[in-house]
Amino acid sequence: MSRVKRNFRRTAVGVLALSAIGGAAVGTLPTSHESAVTTAAVTVDPASLYNAAQQKFAAGDVAGGLGDLKQAVTLNPADSQSLALQAIWADQISDDALGKAALNRLTVVDSRLAKTTRNVIDGVTKAAAIVPSTTARPVSGNPAIVILGFGLSPEGKPAPELIKRLEAGRAQALSSPSAPIVVTGGKPQNGATEASVMRKWLIANGVAPARIATEETSVSTVSNAQNTAGLLTARHISDVVLVTSPNHIRRAAADFAAAGLTVTQSITTDTDLAKNDAPLPKDKQTGIRVEATRTAGIPASRTPLLPTDQLPGSQLPDVGPGIIDDIGGKILGQLVGSGSVG
């Protein structure tokens with residue numbers, strides 16, 4: 001391991017250049033605006049730390065995952081995905097200081113991902129608080145009613161639980177006669193998708209065909225949310241009323257929020273209603289939080305990089321003074337000012 005002294009501004013450019021390729025070798029952020037800082041060449045790969053953290057989160061080891069992310073963002077302070085996960089999982093353990101610091105830094109690095117991260121955090125919090133209800137209520141504004149699919153029989157017939165979801169959706173449609181309806185679900189059986197079967201049932205039961213849009217490619221709740229968000233965004237609709245089962249509503253609501261939609265209310269079937277009538281405490285939210293990060297497009301894993309001394313361009317040239325040098329120093333200065341998340 002070698003130590004070299006570099007000019008502060010050139011160090012900033014090094015951080016940014018390595019960040020652009022998911023770089024593996026940066027030192028710790030300076031704690032003051034000195035003219036020179038010391039950096040250390042290291043061979044630890046932030047992608048490997050990121051992957052280890054994701055595995056630990058999926059296994060419920062939140063503290064261990066956050067420990068790996070702490071190392072990852074120390075090595076690469078501009079690792080936006082690690083910062084996003086740090087903020088999301090800090091919320092799981094109610095570490096407000098860590099979450100705020102991570103979001104502040106992420107806002108400088110990637111403001112769009114920072115917004116998505118807030119959607120995930122807020123969405124999980126609101127989803128966990130949902131108490132399933134079988135009552136259809138009028139809605140205000142311009143929401144869409146979204147009825148989530150359920151597996152068809154091999155013959156392409158709707159399962160009893162899907163019929164219940166459709167009945168709940170129809171009740172909500174009658175209560176909100178101007179709201180458009182989206183039926184979402186792929187997984188075809190005998191040539192029919194869940195969405196096509198759902199649309200056919202609704203029309204047969206008095207819902208106007210013009211109200212119903214179909215989303216027929218999704219194969220999971222994650223893709224239900226992602227694909228429906230794309231469909232509704234094109235129509236300038238951001239609010240939804242979700243229709244599904246009691247044991248599914250919180251996971252679905254978290255996913256739809258992570259996809260950028262606002263779940264204004266929900267209606268469920270009566271299946272196992274009593275078993276799902278209590279809000280989820282923090283220690284029961286890990287599953288929906290993991291899935292929400294997937295819906296938000298935060299990858300479950302990343303490709304590890306080569307050791308530092310084998311990275312293309314790891315020996316950064318002396319860029320000299322100029323606009324890139326100035327921009328690099330300015331951005332790194334903002335990162336330092338946003339507070340340490342390590």
Side-chain angles (χ1 to χ4, degrees), residues 16 19-20 22 46 50 53-54 57 65-66 69 72-73 76-130 141-144 146 221-242 250-265 285 288-300 302 327 330-341:
L16 295 174
S19 300
Y50 177 96
Q54 286 285 55
F57 293 141
L66 285 171
L69 290 180
V73 298
N76 185 356
D79 184 342
S80 59
Q81 292 169 349
S82 288
L83 290 169
L85 288 177
Q86 200 171 41
I88 289 165
W89 287 100
D91 180 70
Q92 174 71 27
I93 60 172
S94 301
D95 189 336
D96 295 339
L98 176 61
K100 181 178 179 180
L103 271 174
N104 285 346
R105 186 181 291 183
L106 180 58
T107 300
V108 174
V109 174
D110 187 337
S111 60
R112 180 175 295 181
L113 183 55
K115 180 180 179 180
T116 298
T117 298
R118 291 186 179 91
N119 288 341
V120 171
I121 294 170
D122 293 344
V124 169
T125 299
K126 292 176 181 177
I130 291 175
N142 183 38
V146 179
T221 308
V222 168
S223 52
N224 284 148
Q226 292 171 333
N227 296 339
T228 301
L231 187 155
L232 292 178
T233 299
R235 300 184 179 195
H236 306 289
I237 297 174
S238 60
D239 294 348
V240 296
V241 178
L242 287 187
R250 297 184 183 103
R251 180 159 60 93
D255 286 353
F256 274 73
L261 297 171
T262 300
V263 180
T264 57
Q265 65 185 59
Q285 295 174 20
I288 65 173
R289 197 176 296 268
V290 166
E291 187 164 299
T293 64
R294 306 290 192 267
T295 307
I298 301 172
R302 302 194 312 214
I327 292 173
K330 185 178 296 183
I331 291 178
L332 187 56
Q334 290 183 57
L335 289 175
V336 173
S338 72
S340 172
V341 297

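If you're wondering where the values come from, they're calculated on a predicted model, not measured in any experiment.
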Are any of the side-chain heavy atoms of [X] and [Y] separated by less than 4.5 Å?
X: Ile237; Y: Pro143; answer: no
X: Thr228; Y: Val240; answer: no
X: Gln86; Y: Val73; answer: yes

Show your working on side chain to side chain contact (heavy atoms under 4.5 Å, CB included) between Ile88 and Ile298 and close with a plain yes or no. CA-CA 11 Å; Ile88 289 165; Ile298 301 172; 3.8 Å; yes
Going by atom type alone, with no hydrogens or angles, which donor-acceptor pairs under 3.5 Å involve a side-chain atom of residues 110-118 and a protein atom two or more places apart or on another chain?
from	atom 1	to	atom 2	distance (Å)
Asp110	OD1	Arg112	N	3.3
Asp110	OD1	Leu113	N	3.0
Thr116	OG1	Arg112	O	3.4
Thr117	OG1	Leu113	O	2.8
Arg118	NH2	Thr107	OG1	3.3

Search all heavy atoms of [X] against all heavy atoms of [Y] and return the closest pair with its distance.
X: Ala128; Y: Arg250; result: O-NE, 3.7 Å
X: Gly123; Y: Ala257; result: CA-CB, 3.5 Å
X: Ala258; Y: Ala292; result: CB-O, 3.3 Å
X: Ala259; Y: Ala225; result: CB-O, 3.7 Å
X: Val109; Y: Pro77; result: CG2-O, 4.4 Å
X: Ala87; Y: Leu103; result: CB-CG, 3.8 Å

Determine, step by step, whether Val241 and Thr264 satisfy the side chain to side chain contact (heavy atoms under 4.5 Å, CB included) criterion, reporting the C-alpha distance in whole Å, the side-chain angles of both residues, the deciding distance to 0.1 Å, and the verdict. CA-CA 6 Å; Val241 178; Thr264 57; 3.9 Å; yes
Point-to-point distance, once rounded to the nearest 0.5 Å, from [atom1] of [X] to [atom2] of [Y]:
X: Thr262; Y: Asn119; atom1: OG1; atom2: CG; value: 7.5 Å
X: Leu66; Y: Gln92; atom1: CG; atom2: CD; value: 9.5 Å
X: Leu98; Y: Ile93; atom1: CG; atom2: CD1; value: 6.5 Å
X: Gln54; Y: Leu69; atom1: CD; atom2: CG; value: 7.5 Å
X: Phe256; Y: Arg251; atom1: CZ; atom2: CZ; value: 11.5 Å
X: Thr233; Y: Leu261; atom1: OG1; atom2: CG; value: 6.0 Å

State which residues pass ring-ring contact (aromatic ring centres under 6.0 Å, His included) with Phe57; sequence neighbours excluded, sorted by chain then number. Trp89
So Ser80 and Leu106, side chain to side chain contact (heavy atoms under 4.5 Å, CB included) or not? Walk me through it. CA-CA 6 Å; Ser80 59; Leu106 180 58; 3.7 Å; yes
For Asp255, the option from Thr221, Thr295, Asn224 that meets side-chain hydrogen bond (donor to acceptor under 3.5 Å, both in side chains):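 Passing option: Thr295.
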